[in-house]
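Chain A is the first sequence line, chain B the second, and so forth, proteins listed ahead of strands; every chain is numbered from 1.
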2 protein chains.
Amino acid sequence: MEVKKPTLVLLVDDDIDVLGAHSRFLRLNDIDVIVAESSATALQRMQESDIDIIVTDLRMPESNGIEFAQQARLSRPLIPIIFFSGYAQVRDIVAAMKLGAVEFLEKPIDPDELLEVIGALQKSHYGSLSNSRKAFDGLADEYPLRMRVLAYEKYLIESAIVQSNGQIGLVLEALQVNRRTLNDKMSKLGISRDALLGDTNQ
Amino acid sequence: MEVKKPTLVLLVDDDIDVLGAHSRFLRLNDIDVIVAESSATALQRMQESDIDIIVTDLRMPESNGIEFAQQARLSRPLIPIIFFSGYAQVRDIVAAMKLGAVEFLEKPIDPDELLEVIGALQKSHYGSLSNSRKAFDGLADEYPLRMRVLAYEKYLIESAIVQSNGQIGLVLEALQVNRRTLNDKMSKLGISRDALLGDTNQ
DNA sequence: TACTTTTAGGCAATAATTTGCCTATCAATA
DNA sequence: TATTGATAGGCAAATTATTGCCTAAAAGTA
């Protein structure tokens, strides 16, 4: 298929060993990693680089993962965040999930599990979708409601198409939408199945 | 403001004692309660009555609370669900929250805490905006496109109302939408201006 | 090649949404 | 009390969306 920009993960933990081990593992699996040993550093890294996914420890010395996530969300409202922690309290997990965490992993992290979660995110939210995602994610407040809703709908449809690897039958099932309706929406929203799948003949 | 229909809670647990104690307590606090001792019964009750909030145990003999919630969501995609459980596994809590649970309480339930959560939900239909946000952001992949788009639209409108501090004129300007259209959408999506602003005269 | 599967557009009936116009309520105030 | 401003609902016309039925092109397969 097409050449994709690799996923860039921001890994945050105060434990250098954890950072080292997991970042090595992720890089071996073709995932770019930027590490940060504190939430302050992490926020700075977010300014410098276009992070796709945040993976952060819940418990850190200075500010905890929840506070960091809240800060991070200010600049990137919908960025996927994966939390991990050992001995987490129920209220911590609930707080993390309420913040819209994508996943909450128990420490010690199973590298394969982490990879799997990231892989699922790549498929569903990112990859070739980054443009579309930005289209609705970043669509500023001043845009009309209708436009913003349509941008989101476009993003959802594009996500489903990429996830289904272009098989429209699966998309119809996933979105539970009439085939005729989907075709009309795609045409109206300017969604091209071929372009999404990186068709080189486009 | 206007007279509201009292909140109707569906309380689900296989333990009759729990049902009795908590339903009594809630009723003492002016909250209508329908109880169900199994998920099958609960689903039936949902057909019979217009439930506002579901409060369910995570662990039950036949089907567990997650499965029940999934079933319930089929007919009421955005209904607020509060889970409770003792000795919950991290993965259970995460699964519950991913389903869009409003809250996850530990057993034994502190009645005041439950009351507080329900009170917060009464104030704003889906709880705080963050919950509404969850309703669209976290609305799992398996939900129909239509529902997910509506959830997002609801979130946008609620955000705009809160941002404008309830002044509909400002909302109309911000969303660039026809006044009549906004009113219709609010009514259809179950958005209450008063509730969003925490109107205490309800 | 012939057959099947997948995808997609044309068209029309039906359903839903949008919107302007009118009215009504409520609160604040002259 | 009368008036004004903000909010909402009823209604109906105009517009748009949905969907089933039909056809057809393209890709894959026997």
Atom pairs and distances, side-chain donor-acceptor, residues 88-95 of chain B, under 3.5 Å, sequence neighbours left out:
none

Length of the CZ-C1' vector between B:R146 and D:dT16, whole Å:
14 Å

Residues at least two apart in sequence or cross-chain that pass side chain to side chain contact (heavy atoms under 4.5 Å, CB included) with B:L172, listed by chain then number, are B:I168, B:V177, B:R179, B:L182

List, with names and distances, any nitrogen or oxygen atoms from the protein found under 3.5 Å away from nitrogen or oxygen atoms belonging to nucleotides 24-28 of chain D.
none

Would you please confirm or rule out a distance under 4.0 Å between OP1 or OP2 of D:dA17 and any side-chain N or O of A:K188?
yes

Show every donor-acceptor pair shorter than 3.5 Å between a side-chain atom in residues 109-120 of chain B and any protein atom, with sequence neighbours excluded, or say none if there are none.
from   : atom 1 : to     : atom 2 : distance (Å)
B:D110 : OD1    : B:D112 : N      : 3.0

Of all residues at least two apart in sequence or in a different chain, which pass the salt bridge (Lys or Arg N to Asp or Glu O under 4.0 Å) check with A:K107?
A:D13, A:D57

Pairing residues for A:R180 by the salt bridge (Lys or Arg N to Asp or Glu O under 4.0 Å) criterion, not counting sequence neighbours
A:D184

In whole angstrom, what separates A:M186's CE from D:dT18's P?
15 Å

Does any non-hydrogen side-chain atom of A:R146 lie less than 4.5 Å from one of A:V149?
no

Can you tell me how far C1' of C:dT7 sits from CD1 of A:I191, to the nearest Å?
16 Å

Degree of bending, the helix from C:dT1-D:dA30 to C:dA30-D:dT1 (end axes from five pairs; round to 10°)
20°

Contacts of B:E173 that satisfy side chain to side chain contact (heavy atoms under 4.5 Å, CB included) - sequence neighbours left out:
none

Considering only nitrogen or oxygen atoms on both sides, find all protein atoms under 3.5 Å from nucleotides 19-23 of chain C and state each distance.
from   : atom 1 : to     : atom 2 : distance (Å)
C:dT19 : OP2    : B:T181 : OG1    : 2.9
C:dG20 : OP2    : B:N178 : ND2    : 2.6

Go through the structure and list residues passing side chain to side chain contact (heavy atoms under 4.5 Å, CB included) with B:R27, not counting sequence neighbours.
B:S23, B:V33

Sequence-distant partners of B:Q44, side chain to side chain contact (heavy atoms under 4.5 Å, CB included), two or more places apart:
B:E48

The salt bridge (Lys or Arg N to Asp or Glu O under 4.0 Å) partners of A:E37 (sequence neighbours excluded) come to none

